[in-house]
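In what follows, a structure is listed as structure tokens, so that the remarks can point back to it.
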Amino acid sequence: MTTSSKVFMYIIGAIFAVGGIIFMVGLEENRFLYGIPYLLIGVVMIYGVYGVQRRARKRGPGDAAGGGGHH
């Protein structure tokens, strides 16, 4: 995953998370119907990018290219 794609995914995740919070605060009716799914989508996207980065760091720089052949 390139740096620009990580930044893009973090931004999109943050937009969803903040939008979910705004929905929960700003809407009168159905605030949780719209707010919670958007908030969850944002959190899952942010945590997903974080998880990919964490696994890539554990493997090391040489294994990220797909070499090694250990299964």
Side-chain angles (χ1 to χ4, degrees):
M1 185 177 270
T2 64
T3 303
S4 60
S5 64
K6 291 176 196 173
V7 170
F8 181 72
M9 290 299 292
Y10 275 127
I11 290 171
I12 296 297
I15 289 171
F16 271 96
V18 170
I21 293 169
I22 290 172
F23 277 145
M24 286 191 284
V25 170
L27 290 178
E28 293 297 321
E29 296 179 12
N30 298 327
R31 67 174 55 188
F32 295 113
L33 180 66
Y34 294 111
I36 290 176
Y38 277 98
L39 180 63
L40 288 177
I41 290 169
V43 169
V44 166
M45 289 175 75
I46 291 170
Y47 185 73
V49 175
Y50 174 75
V52 166
Q53 288 178 315
R54 192 178 64 213
R55 285 189 298 274
R57 271 183 266 152
K58 277 185 181 179
R59 278 194 232 150
D63 295 338
H70 299 277
H71 294 298

Count the heavy atoms belonging to other residues, nucleotides or ligands that lie under 6.0 Å from OH of Tyr10, then report whether that count exceeds 12.
yes
Just how far is it from atom CD1 of Ile11 to atom CD1 of Ile46, taken to the nearest 0.5 Å?
10.5 Å
Please report the interatomic distance CD1(Ile12) to CD1(Ile41), rounded to the nearest 0.5 Å.
12.0 Å
In Å and rounded to the nearest 0.5 Å, what is the CD1 to OH distance from Ile21 to Tyr38?
14.5 Å
Shortest non-hydrogen contact from Pro37 toward Phe32
CD-O, 3.6 Å
When rounded to the nearest 0.5 angstrom, what distance separates CZ in Arg54 from OH in Tyr47?
4.5 Å
Count I, L, V, M, F, W, Y as connected when their side-chain heavy atoms are under 4.5 Å apart, and connections chain through other members. Are Phe16 and Tyr50 then in the same cluster?
yes
Joint hydrophobic cluster, Val43 plus Met9, side-chain heavy atoms closer than 4.5 Å:
no
Hey, can you tell me if Phe23 and Tyr34 have their rings parallel, tilted or perpendicular (30° and 60° cut-offs)?
tilted
Check Val25 against Arg31 and note the closest heavy-atom contact, atom names and distance.
O-NH2, 4.3 Å
